[in-house]
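Everything on this sheet refers to the single structure shown next.
A quick note: this is a predicted structure, and the numbers were derived from the prediction, not measured.
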Amino acid sequence: GSGKYFYLPSLKGAITDNDGFTNLSFTIAYNSDKGGKSSSSSLAYNNLRLSIVNTGWYEFKVFANDKAGNKMICKLDGEDVEVTVDNVWDIEEIPSFKFYIESGEFHIEDESSAKGRKDTETVYDKYTFDNFDFMGNNNPLSEIKLFYVNVDKFEAVFDKTFDEDNLVAVTYEEIKELAATKTKAANVSYFTFYLDVYAELLAKELSVDKASLLAADIFEEIVEDQGIDKELYPEEYESSFDVYEWSPTARSFVPQKQGYYMMFGVYTDSDAPAYRAAAYRVVVVEAEKDVISGEEDYSWWKNNLASVILFSISGVMLILFIILLVIKPTDETLDEVEEKAKKAKKEKKVKEPKKEKNSKKSAQVEEKEENAENSEK
């Protein structure tokens, strides 16, 4: 199924390197009888795994590169060669290992919370659903339909409200468990059977009668795009379901009004047709958002990036130009500036000794005056 792996045990002791086992980078080359040859490279020593998609036999070989990127050297036809995913299968001294994958019971992986069973979209914007996570079979046969959930009909019949929280409260596991207790009528399709199971669980969630809920006909099917030419037959196109551009294969549509939409799918295990599962995805479609260009719509900056950069550069150049106008540069050359600095330095040296002499003479005068005053006393 999706996201399933086969993990290898530690290869410490089987592969060694003088720079340390944990510094090695590993490659697993593997071959399956349904998927052919493939490989997983740049694997750490403690994360050796290969993807498991199909049932059947798998065979694998492992080799490594050191920290510097040097490849493993082995003998091939009597010569030393670097091991690659292309020649590893021809090198006998590297052993191969085999294992067999059996198919588990087919089911659809449920979401961890109700929020995971719904998405949001804006009216008139195309919505595409990736797909559910399948276990036991990666490519099951599918039948999927799109419905608009008419809340107004429900409120008119039952005089009560409900929202997306009620729609997504039913788990995939609950659908599976309830379906296992029922027998499908011969004249009823499996899709109708599973949709009826979901309706029963939804009625329980809403505290209403299932028969009354089905009679209210709140699930309005949107028919698959019929390919009506919009240019040649505009009126016919606008009045048809083609405006939704609903594609079950691509699981995409363009909502034409606000409200709740539901993709409901029934899937069959292609290897074991007795196994079936059902799941759904609710899409809450909201009104178009009022976006002020340049504020909330960040695409304005992306589309005008060159203009913004040039405007910023122009601003910097303007500031430099103003500085040049205010502060007039000197006309003196570098030699003249250096000569002027030397001259100022010499003048400073000449003046300094005189200052010391004058200060020394002043001190002597003061000392004589002080001695004269002391002798008079």
Side-chain angles (χ1 to χ4, degrees), residues 108 110-111 113-132 142-176 178-179 188-225 238-248 250-267 277-289:
I108 298 173
D110 210 338
E111 302 293 340
S113 67
K115 291 181 179 179
R117 290 187 283 274
K118 70 176 179 180
D119 283 328
T120 57
E121 187 54 272
T122 304
V123 66
Y124 305 125
D125 285 343
K126 188 174 184 178
Y127 170 80
T128 301
F129 175 49
D130 291 337
N131 213 342
F132 303 104
S142 64
E143 182 179 5
I144 184 169
K145 293 184 179 181
L146 176 65
F147 299 92
Y148 175 75
V149 185
N150 195 319
V151 177
D152 294 335
K153 282 185 178 181
F154 177 87
E155 293 178 350
V157 172
F158 298 100
D159 194 24
K160 59 190 302 185
T161 61
F162 82 99
D163 55 25
E164 70 266 22
D165 290 337
N166 299 116
L167 283 172
V168 299
V170 178
T171 68
Y172 306 157
E173 186 64 24
E174 287 176 331
I175 296 175
K176 176 184 175 182
L178 183 58
V188 174
S189 69
Y190 277 104
F191 189 93
T192 302
F193 170 75
Y194 277 100
L195 187 60
D196 183 82
V197 171
Y198 170 79
E200 183 174 335
L201 292 167
L202 178 62
K204 183 179 179 181
E205 171 69 23
L206 296 170
S207 300
V208 299
D209 179 64
K210 184 188 81 168
S212 300
L213 179 64
L214 292 174
D217 194 27
I218 66 172
F219 293 99
E220 300 175 353
E221 184 179 354
I222 296 173
V223 179
E224 182 179 357
D225 192 341
E238 290 297 331
S239 62
S240 71
F241 284 113
D242 277 24
V243 292
Y244 285 92
E245 300 178 23
W246 163 232
S247 171
R251 298 173 300 280
S252 64
F253 72 100
V254 179
Q256 298 298 305
K257 54 185 176 181
Q258 299 178 57
Y260 306 138
Y261 294 80
M262 174 183 283
M263 289 185 187
F264 194 90
V266 176
Y267 298 86
Y280 65 89
R281 179 56 54 105
V282 170
V283 184
V284 182
V285 176
E286 302 170 343
E288 291 181 287
K289 297 179 181 179

- Query: Can you check whether Val254's main-chain N or O pairs, donor with acceptor, with Gln256's side chain at less than 3.5 Å?
  - Reply: yes

- Note on the structure: Rounded to the nearest 0.5 Å, the CD atom of Glu200 sits from the CG atom of Leu178 at a distance of 5.0 Å

- Would you call the rings of Tyr280 and Tyr172 parallel, tilted or perpendicular if under 30° counts as parallel and over 60° as perpendicular? perpendicular

- Do you know which two heavy atoms are closest between Ala216 and Val157, and how far apart they sit? CB-CG2, 4.0 Å

- Item | Spacing of CG belonging to Leu206 relative to OG1 belonging to Thr161, to within rounding of 0.5 Å | 9.5 Å

- Task: In sequence, state the C-alpha distance, the side-chain angles, and the governing distance for Val208 and Phe162, and then conclude on side-chain contact (heavy atoms from CB on, under 4.5 Å).
- Result: CA-CA 12 Å; Val208 299; Phe162 82 99; over 6 Å; no

- Gap between atom CD of Gln258 and atom OG1 of Thr122 - 0.5 Å precision: 9.5 Å

- Of the options Phe147, Phe193, Phe191, which is the one that meets Phe264 in a ring pair (Phe, Tyr, Trp, His ring centres under 6.0 Å)? Phe191

- Task: Flag the pair Leu202 / Leu167 as yes when at least one side-chain heavy-atom distance between them is below 4.5 Å, and no otherwise.
- Result: yes

- Could you tell me whether the side chain of Lys160 reaches within less than 4.5 Å of the side chain of Ser207, counting heavy atoms only? yes

- Who pairs with Tyr261 by ring pair (Phe, Tyr, Trp, His ring centres under 6.0 Å), at least two apart in sequence or on another chain? Tyr148, Phe253

- Is the count of non-hydrogen atoms from other residues, nucleotides or ligands lying under 6.0 Å from Asp163 atom CG greater than 12? yes

- Decide side-chain contact (heavy atoms from CB on, under 4.5 Å) for Ile144 and Arg251; before the verdict, give the C-alpha distance in whole Å, the side-chain angles of both, and the deciding distance to 0.1 Å. CA-CA 8 Å; Ile144 184 169; Arg251 298 173 300 280; 4.2 Å; yes

- Message: I need the Thr120 OG1 to Glu286 CD distance, nearest 0.5 Å.
- Response: 5.5 Å

- Worked verdict on Tyr127 versus Met263 for side-chain contact (heavy atoms from CB on, under 4.5 Å): CA-CA 11 Å; Tyr127 170 80; Met263 289 185 187; 3.8 Å; yes

- Message: Do Asn131 and Tyr267 have side chains that approach each other closer than 4.5 Å (heavy atoms only, starting at C-beta)?
- Response: yes

- Locate the shortest heavy-atom distance separating Lys126 from Ser252; write the atom from each residue and the value. CE-OG, 3.6 Å

- Check the surroundings of atom NZ in Lys210: do more than 12 heavy atoms from other residues, nucleotides or ligands lie under 6.0 Å from it? yes

- Should Tyr260 and Asn166 be marked as a side-chain contact (heavy atoms from CB on, under 4.5 Å) after you check the CA-CA gap, both sets of side-chain angles, and the distance that decides it? CA-CA 11 Å; Tyr260 306 138; Asn166 299 116; over 6 Å; no

- Task: For Tyr244 and Lys257, work out which heavy atoms get closest and say how close.
- Result: OH-CE, 3.9 Å

- Message: Would you compute the distance between atom CG of Asp165 and atom NZ of Lys115 and round it to the nearest 0.5 angstrom?
- Response: 9.0 Å

- Message: Checking Phe129 now: which residues fulfil ring pair (Phe, Tyr, Trp, His ring centres under 6.0 Å) with it, not counting sequence neighbours?
- Response: Phe132

- Query: For the residue pair Val123 and Pro255, what are the closest heavy atoms and their distance?
  - Reply: CG2-O, 3.6 Å

- What is the minimum heavy-atom distance between Val284 and Glu164, and which atoms define it? CG2-CB, 3.9 Å

- Item | Closest non-hydrogen atom pair between Asp110 and Thr171, with its separation | OD2-CB, 3.1 Å

- Item | Rounded distance (nearest 0.5 Å) linking atom CG of Asn150 with atom CD of Glu155 | 9.5 Å

- Item | salt_bridge(Arg281, Glu111) N-O dist < 4.0 Å | yes

- Message: If the condition is ring pair (Phe, Tyr, Trp, His ring centres under 6.0 Å), which residues does Phe158 pass it with, not counting sequence neighbours?
- Response: Phe154

